[in-house]
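The block underneath contains the structure these notes are about, expressed in structure tokens.
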Amino acid sequence: MFKEYKTIREVVGPLMLVEGVEGVKYDELVEVVQENGEVRRGKVLEVKDDKAVVQLFENTQGLKISTAKARFLGRSLSLSVSADMLGRVFDGMGNPRDGGAPIIADKKLDINGSPINPAARNYPNEFIQTGVSAIDGLNTLVRGQKLPVFSMSGLPHAEFAAQIARQAKVRNSDSKFAVVFAAIGITFEEAEFFIEDFRRTGAIERTVLFTNLASDPAIERIATPRMALTCAEYLAFDCGMHVLVIMTDITNYAEALREVSAARKEVPGRRGYPGYLYTDLATLYERAGRIKGKEGSITQIPILTMPEDDKTHPIPDLTGYITEGQIILSRELYKKGVNPPVDVLPSLSRLKDKGIGDGKTREDHADTMNQLFAAYARGKECKELSAILGDSALTETDKLYAKFAEEFEKHYVSQGFTTNRSIEETLDIGWKLLAILPRSELKRIKEKYIDKYLPKI
């Protein structure tokens, strides 16, 4: 049974103060009903004595608090879930945005989810093929992992995200694969790009889209990733599917948190973000994983644009602490025409060793990965030396390494946004590039693999 109060005292930004309340709980849903019958929704952010601070999801413009009523519903924000959500487009609050009928719910789930017992977690160790060589070959994604993409403004992270969503699959598995895509605070054009791209390629059939537009209330941004993760948890742990969750852009989510924190007059932390930013991000990222005894899993690829291209900014910095690695996009490579512009050297997947090798990818994967990293790092050094001192300062071997770095970027990293490579193709391209170097330089690969896989020139 809901409770109604006519004691709304003030509205500041997205926040509203209601006095004289009883039995109100944190996170409880609130409806603000105006005299003309218009309803705006919100949730309880703070309760102290008989006062409740309510955070409104909609705009507060035109709200007449003298005649409005606050109705406390006694439940938190929930999402109606069903397997029929696949192929549908929703807004940031879980309402259909594609003109289709509302979902007939199998269940209604609290969008904050339930914490996974650490003892019940299963270790991530199954390879996910994204079709992108820079990820599959060098920074392998594993089922149940959290692997963020650190981008910069103006880089094609939207195309990169769409490519991964289209191409990703778990190899050697009969289980169904689904993608839950959360677009947070993006423009209408970007939202249309994702929807049209998925429809054109048929990927929409296995995808659920949640789109919060830049023109939607900023407060809705805080709910959008939680809506997406709640849907993913249902598909993974109730329907037994492998679910890949892609969230873009986490920076917009953090900006919305900062806006609410400022309206609450909280003491700001680094760069004005709330002190609980780490904890809040962890409540999103830690909803990834596998559970013992359950077939399904949730793998996360959060995408964030680094403000001022700064890796030490609080959002990428804290994300790096919580997640298992990062894929970094490079402005320098993008200017050279390399797409996707993945900077492989500072990129890292902490679980890559668990998802590769015989029976998962191929027996030579680990050795070739280490050799490609080492050769590319040395090749870049040789190119820098050549730029400063000229080619005459390089030995013949150094010149081969410089050539290797050039070819590596051109043929291995750069593949465009429509090429879908199998892991075998990726490994074979790596071997072709390693053939540029003298055999004596391949010190990180076992002789039997060199004999078996190195192309005979």
State whether a side-chain donor-acceptor pair under 3.5 Å links [X] with [Y].
X	Y	result
R290	N125	yes
T201	R166	no
E19	Y5	no
R421	T426	no
T283	R226	yes
T305	D249	yes

- Item | Residue among R41, R40, R71, K69 satisfying side-chain hydrogen bond (donor to acceptor under 3.5 Å, both in side chains) with E31 | R71
- Task: Pick out which of K354, Q145, E324 makes a side-chain hydrogen bond (donor to acceptor under 3.5 Å, both in side chains) with S349.
- Result: Q145
Lys/Arg N to Asp/Glu carboxylate O, [X] vs [Y], below 4.0 Å:
X	Y	answer
R287	E233	yes
R271	D317	no
K336	E409	yes
K6	E4	no
R97	D91	no
E46	K51	no

- Message: Does Y276 have more than 12 heavy atoms from other residues, nucleotides or ligands lying within 6.0 Å of its OH?
- Response: yes
- Message: Within a 6.0 Å radius of atom NZ on K335, are there more than 12 heavy atoms belonging to other residues, nucleotides or ligands?
- Response: no
Tell me the closest heavy-atom pair linking [X] and [Y], and the distance in Å.
X	Y	result
Q415	P340	CG-CD, 4.0 Å
G240	E295	O-CG, 3.7 Å
T187	L213	O-CD2, 4.0 Å

- Query: Is the charged tip of R221 near the ring of Y253: under 6.0 Å from the six-membered ring centre and within 45° of its axis?
  - Reply: no
- Apply the test salt bridge (Lys or Arg N to Asp or Glu O under 4.0 Å) to residues E255 and R258: give CA-CA distance (whole Å), side-chain angles for both, the deciding distance (0.1 Å), then the verdict. CA-CA 5 Å; E255 295 290 347; R258 181 161 70 172; 2.8 Å; yes
- Query: Is any side-chain heavy atom of I164 less than 4.5 Å from a side-chain heavy atom of I135?
  - Reply: yes
- Query: Ring centres of F198 and F181 under 6.0 Å apart?
  - Reply: yes
- Y273 and H313 aromatic centres sub-6.0 Å: yes
- Query: Taking only residues two or more places apart in sequence or in another chain, which ones pass side chain to side chain contact (heavy atoms under 4.5 Å, CB included) with K25?
  - Reply: E28
